[in-house]
Amino acid sequence: HRSKSTGLPGAKERTLVAVKPDGVQRRLVGQVIQRFEQRGFKLVGLKMLQVSEDLLSEHYCQLRQKPFYPNLVHYMTSGPVVVMVWEGHNVVQTSRTMVGHTNPTEAQAGTIRGDFSVHVSRNVVHASDSLEGAQREIQLWFQAKDLLDWDCCDQASTSEV
Ligand code: GDP
Ligand code: MG
C-alpha cells in the first residue's frame, strides 16, 4: 500500500529498534535516534522501560537454548532500555545494515555497533532481523494505540490560509 506522506510503495514498513541497557548508560540514545532520523525514517513509537525476564524470553525465544542466554538475560534486564518503532521504505533491512554485525569485532566502521561497541555481550542496539520478526516484536513490545501515524509539516494543508 501507499503512504499518504511520501507516496512511495512500501513506505509503511515498520521495524523494532531498541537501545540496550549499555547504550542507555553510555548516553547513546540521542545518537542512535539521530542516525535513524537523518537516514530518513519516521519515528512512530517510543518508550523507556526496564524489561522483565518474561518479556525478554518471548523477545529472544529463538535463543533460549544458547549457552550465552543466561548472560543475555542478565545484560538486558540490568537497566532500562529505550525501544522504538521506525517506519519507512525497506526499514527492516536498512536498520540491520545501520546496526551492523552482531559481533562488534566484525561490525564495519560507520555502523552503530562498529562505531560504539567492542564486545558481543555489550553491543548497544537491537533491530528486528526480518519482516515477520519485526511484526512479532512490535506486537510484543507495543500496543497498537501507542503507534502513531503522522504527516510531515511540509505537506500542504487545505485548512491553512
Ligand atoms: P542480533 O540480531 O544481531 O542482535 O543477534 P542475535 O539475535 O543472534 O543475538 C541477540 C543478542 O544476543 C546479540 O545482539 C548479542 O547481544 C547476544 N549474543 C549473540 N551471540 C552471542 C554470543 O555468542 N555471546 C554472547 N555473550 N552474547 C551473544
Ligand atoms: Mg536478533
Side-chain angles (χ1 to χ4, degrees), residues 1 3-6 10-66 68-104 107 111-113 115-117 119-152:
H1 48 228
S3 156
K4 204 172 31 161
S5 50
T6 67
K12 288 293 202 183
E13 186 172 305
R14 290 177 171 182
T15 198
L16 189 98
V17 174
V19 183
K20 294 176 174 185
D22 55 326
V24 174
Q25 289 157 24
R26 292 175 55 206
R27 321 298 203 255
L28 296 174
V29 173
Q31 295 196 64
V32 171
I33 290 175
Q34 182 171 30
R35 285 175 181 230
F36 282 86
E37 285 192 330
Q38 77 185 21
R39 187 69 190 248
F41 293 121
K42 182 197 271 193
L43 184 61
V44 297
L46 173 78
K47 64 181 174 183
M48 187 180 204
L49 72 158
Q50 185 126 4
V51 187
S52 68
E53 279 196 41
D54 282 352
L55 176 58
L56 198 72
S57 75
E58 277 307 310
H59 176 76
Y60 282 138
C61 58
Q62 284 115 332
L63 300 178
R64 282 181 204 151
Q65 306 309 317
K66 300 280 186 186
F68 59 82
Y69 184 75
N71 287 331
L72 181 60
V73 173
H74 184 257
Y75 163 42
M76 289 295 296
T77 58
S78 65
V81 300
V82 172
V83 58
M84 303 168 261
V85 177
W86 290 92
E87 182 179 283
H89 181 72
N90 272 344
V91 68
V92 173
Q93 188 188 346
T94 303
S95 298
R96 291 291 290 191
T97 306
M98 291 167 66
V99 162
H101 197 283
T102 302
N103 185 345
T111 65
I112 295 170
R113 286 167 173 167
D115 288 350
F116 297 121
S117 65
H119 198 280
V120 70
S121 67
R122 298 286 183 275
N123 61 1
V124 178
V125 276
H126 167 80
S128 310
D129 68 1
S130 63
L131 261 181
E132 305 72 53
Q135 277 158 13
R136 186 184 74 81
E137 291 173 5
I138 289 167
Q139 281 183 34
L140 182 65
W141 289 81
F142 283 90
Q143 294 186 261
K145 70 171 176 61
D146 294 325
L147 300 176
L148 306 182
D149 213 7
W150 51 272
D151 288 320
C152 191

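Counting begins at 1 with the first residue of the sequence.
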At what distance, to the nearest 0.5 angstrom, does [atom1] of [X] lie from [atom2] of [Y]?
X	Y	atom1	atom2	result
Thr15	Asn90	OG1	CG	11.0 Å
Glu58	Glu137	CD	CD	11.5 Å
Asn103	Asn123	CG	CG	8.5 Å
Ser121	Lys20	OG	NZ	9.5 Å
Arg35	Asp115	CZ	CG	4.5 Å
Gln93	Ser130	CD	OG	11.5 Å

Does [atom1] belonging to [X] count more than 12 external heavy atoms closer than 6.0 Å?
X	atom1	result
His101	NE2	yes
Lys47	NZ	yes
Glu53	CD	no

Side chain proximity check, [X] to [Y], heavy atoms < 4.5 angstrom:
X	Y	result
Met76	His126	no
Val120	Pro104	yes
Phe36	Ile112	yes
Met84	Val19	yes
Thr94	His89	no

Whether [X] side chain and [Y] backbone form a donor-acceptor pair below 3.5 Å:
X	Y	result
Arg96	Ala127	yes
Arg26	Phe116	yes
Lys42	Trp150	yes

Closest approach of [X] to [Y] (non-hydrogen atoms, all atoms of both residues):
X	Y	value
Val125	Val99	CG2-CG1, 3.6 Å
Asp22	Val124	OD2-N, 3.1 Å
Gly79	Gln25	CA-NE2, 4.1 Å
Arg14	Leu148	NH2-O, 4.2 Å
Thr77	Val73	OG1-O, 2.7 Å
Val91	Trp86	CG1-O, 3.7 Å

Derivation of the side-chain contact (heavy atoms from CB on, under 4.5 Å) call for Ser117 and Arg122 | CA-CA 7 Å; Ser117 65; Arg122 298 286 183 275; 6.0 Å; no
Got a list of side-chain donor-acceptor pairs under 3.5 Å for residues 138-147, not counting sequence neighbours?
unit_1 : atom_1 : unit_2 : atom_2 : d
Trp141 : NE1    : His59  : ND1    : 3.0

Candidate pair Val82 and Val32, rule side-chain contact (heavy atoms from CB on, under 4.5 Å), full reasoning = CA-CA 10 Å; Val82 172; Val32 171; over 6 Å; no
